[in-house]
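Data block below; observations after.
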Amino acid sequence: MNKLFDSEKYARAASEAVEKAGVVCRAVQSRLDEVRAIAKDDKSPVTVADFASQAVVVRVLRELLGDVRVVGEEGSAFLRDPDHAAHLGATLNAVRIVWEGCDEAALLDAIDGGDAEPHADGFWTLDPIDGTKGFLRGGQYAVSLAYISGGSPVVGALCCPNLSRDFGRSFDDPDPHGSLYVAARREGVRVQSAMGGDTEPVSMRRPGREEGAPIRACESVESAHSDQSASSRVLEIAGGAGEPARLDSQCKYAVVARGQADAYLRLPTKKGYVERIWDHAAGALVAVEAGCVVTDIDGNLLDFGQGKGLEKNRGVVCADPGVHSRLIGAIADIGSLRG
Ligand code: AMP
Ligand code: MG
């Protein structure tokens with residue numbers, strides 16, 4: 001890690017970046033039909049929010065930290081195509097909610113600021129909207145930003161605009177304030193509202209779980225992203241508490257980090273799929289700093305030093321330290337996941 005690295009400064013910048021991006025995403029999500037109509041296509045709301053979110057994150061990081069290296073999911077080619085002028089206009093409108101006076105050139109330049117490659121000296125990785133399907137359903141999604149150095153995330157910020165801090169609320173019932181998590185390695189994790197309300201961050205630790213209690217798990221809504229029948233078998237062996245809760249995005253890491261579930265299982269559905277770093281970096285750091293254990297399905301730590309993919313890992317198991325090894329054992333028992 002370079003000597004100038006200041007985790008507090010980076011954490012503050014990351015927090016502000018995802019908070020502002022969250023405001024923009026929420027505005028687009030609240031006008032799904034309108035945005036669909038402007039650009040005359042069904043996927044356009046996520047397209048617009050994806051580009052707007054990436055632009056806002058890059059803009060805030062540049063403002064607060066100067067020249068930054070950001071490995072983001074998006075590039076500007078789509079918006080530069082004259083056939084997509086309606087998307088460009090809608091994206092500009094969305095960005096201007098938090099970035100007054102932004103024009104087309106500044107917008108496109110900020111989006112392009114996210115096209116860096118991973119670098120040994122450290123880099124940011126960004127998923128401007130993680131959980132696309134959840135976003136389109138009006139459900140859970142996250143803006144996920146992490147700084148990676150030496151093969152591990154060292155700062156992570158996760159904005160979950162619809163994830164309530166109230167455990168009694170269903171994941172399908174979006175919360176007016178949402179939640180935002182900021183973690184720095186070996187310095188813990190703080191939580192605050194994503195959107196107004198009590199914005200003072202407070203430190204967060206996973207509460208201890210009662211020994212012998214059944215394991216409450218969560219997993220992807222999408223059966224293509226995680227093998228749901230395998231997770232049922234794993235939980236049967238390890239002592240699960242019925243069907244896992246299903247929700248989109250890295251909100252799952254936050255749910256385990258704060259003790260609303262004991263485990264997040266992501267069991268590979270097909271050979272050869274390599275998890276993307278931006279789908280895990282921020283969430284995994286939040287979970288670890290809250291006191292969880294995060295590994296792949298073989299029990300190996302996630303290696304973020306292999307480029308844009310977790311090339312050395314398969315799947316993810318994020319869990320309370322008291323149940324993690326039991327889950328890894330159960331996965332080994334059903335063996336068919338390895339291949
Ligand atoms: P989730 O919301 O947890 O289902 O995860 C969404 C992420 O899953 C997306 O950002 C994709 O990058 C990723 N994804 C796409 N295909 C797969 C797959 N076959 N296995 C696991 N993850 C996938
Ligand atoms: Mg994603």
Side-chain angles (χ1 to χ4, degrees), residues 18 21-22 25 29 43 45-47 49-54 57 70-75 114 124-146 148 153 156-163 171-172 174 181 217-231 244-257 260-261 263-287 294-297 302 304 306-319 331 337-339:
V18 299
C25 293
Q29 200 190 37
K43 289 277 275 177
V46 71
T47 311
D50 253 324
F51 287 126
S53 173
Q54 178 157 321
V57 168
V70 183
V71 179
E73 239 192 325
E74 307 298 336
W124 292 95
T125 186
L126 167 68
D127 194 340
I129 292 199
D130 181 39
T132 303
K133 302 246 171 76
F135 180 82
L136 285 172
R137 274 189 216 106
Q140 299 299 334
Y141 65 98
V143 180
S144 165
L145 175 67
I148 291 180
L158 195 62
C159 180
C160 307
N162 286 340
L163 185 65
F171 295 132
D172 301 327
Y181 307 82
C218 65
E219 66 182 355
S220 278
V221 176
E222 298 301 316
S223 56
H225 295 174
S226 187
D227 187 333
Q228 298 178 344
S229 72
S231 66
R246 296 198 174 120
L247 68 161
D248 296 284
S249 84
Q250 284 167 72
C251 286
K252 291 185 279 296
Y253 281 108
V255 163
V256 180
Q260 199 173 4
Y264 159 27
L265 298 177
R266 191 176 190 86
L267 309 181
T269 55
K270 59 178 182 191
K271 259 190 192 173
Y273 178 78
V274 177
E275 298 284 347
R276 314 316 294 159
I277 52 172
W278 48 77
D279 283 334
H280 299 282
L285 186 63
V286 165
V294 179
T295 67
D296 65 10
I297 59 167
L302 303 182
F304 290 90
Q306 302 295 320
K308 293 182 181 178
L310 297 174
E311 303 283 347
K312 298 250 173 93
N313 302 107
R314 293 194 60 217
V316 172
V317 176
C318 162
I331 292 169
L337 288 167
R338 295 149 186 274

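Note that ligands are numbered from 1 as they come in the structure, with each ligand's atoms numbered from 1 the same way.
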Suppose we only count N/O/S atoms under 2.8 Å; would E73 qualify as near the Mg ion (ligand 2)? no
Heavy-atom nearest neighbour in the protein, as seen from atom 3 (O) of ligand 1, with distance rounded to 0.1 Å: K252 NZ, 2.6 Å
re atom 1 (P) of ligand 1, the protein heavy-atom contact at minimum distance is S220 OG, 3.4 Å
Quick one: does ligand 1 sit under 4.0 Å from the side chain of E275, the backbone, both or neither, non-hydrogen atoms only? side chain
Grab the two heavy atoms, one from E73 and one from P128, that are nearest each other, plus how far apart they are. CB-CD, 4.0 Å
Can you pull out the closest protein heavy atom to atom 19 (N) of ligand 1? Residue, atom name and distance to 0.1 Å, please. A224 O, 3.3 Å
So, H225 and Y273: side-chain donor and acceptor under 3.5 Å apart, yes or no? no
How many angstroms lie between CG in D279 and CG in L310, if you round to the nearest 0.5 Å? 9.0 Å
Does K133 approach ligand 1 within less than 4.0 angstrom via side chain, backbone, both or neither, non-hydrogen atoms only? neither
Looking only at heavy atoms, is any part of D130 under 4.0 Å from ligand 1, and if so is it the side chain, the backbone, or both, or is it neither? side chain
Taking the basic N atoms (NZ, or NE/NH1/NH2) and the acidic carboxylate oxygens, is any pair closer than 4.0 Å for R266 and E275? yes
Contact atoms of ligand 1, heavy-atom distance to D248 under 4.0 Å: 2 (O)
Which residue and heavy atom of the protein sit nearest atom 13 (C) of ligand 1, plus the separation: Y273 OH, 3.4 Å
Considering only N, O or S atoms, which atom of D279 is nearest to the Mg ion (ligand 2)? OD1
Report the atom name of the nearest N/O/S atom of D127 relative to the Mg ion (ligand 2). OD2
Closest to the Mg ion (ligand 2), which N/O/S atom of D130 is it? OD1
Where the side chain of Q54 meets the backbone of G75, is there a donor-acceptor pair that is under 3.5 Å apart? no
R276 N/O to ligand 1 N/O under 3.5 Å: no
With rounding to the nearest 0.5 Å, note down the distance linking CG in D248 to CD in Q140. 8.0 Å
Should K252 and E222 count as an ion pair when the cut-off is N to O under 4.0 Å? no
Look at atom NZ of K312 and say whether more than 12 heavy atoms of other residues, nucleotides or ligands are closer to it than 6.0 Å. no
What protein heavy atom is closest to atom 2 (O) of ligand 1, reported as residue, atom name and distance in Å? S249 N, 2.6 Å
What I want to check is whether the side chains of D127 and Q250 have a donor and an acceptor closer together than 3.5 Å. no
Starting from atom 12 (O) of ligand 1, find the nearest protein heavy-atom neighbour and note its residue, name and distance. D279 OD2, 2.6 Å
Is ligand 1 under 4.0 Å from a heavy atom in the side chain of S226, in the backbone, in both, or in neither? neither
Taking atom 8 (O) of ligand 1 as the reference point, the nearest protein heavy atom with its distance: R266 NH2, 3.0 Å
Out of curiosity, K43 NZ to T132 OG1, how far, rounded to the nearest 0.5 Å? 5.5 Å
As an exercise, state the distance from SG of C318 to CG of L302, rounded to the nearest 0.5 Å. 9.5 Å
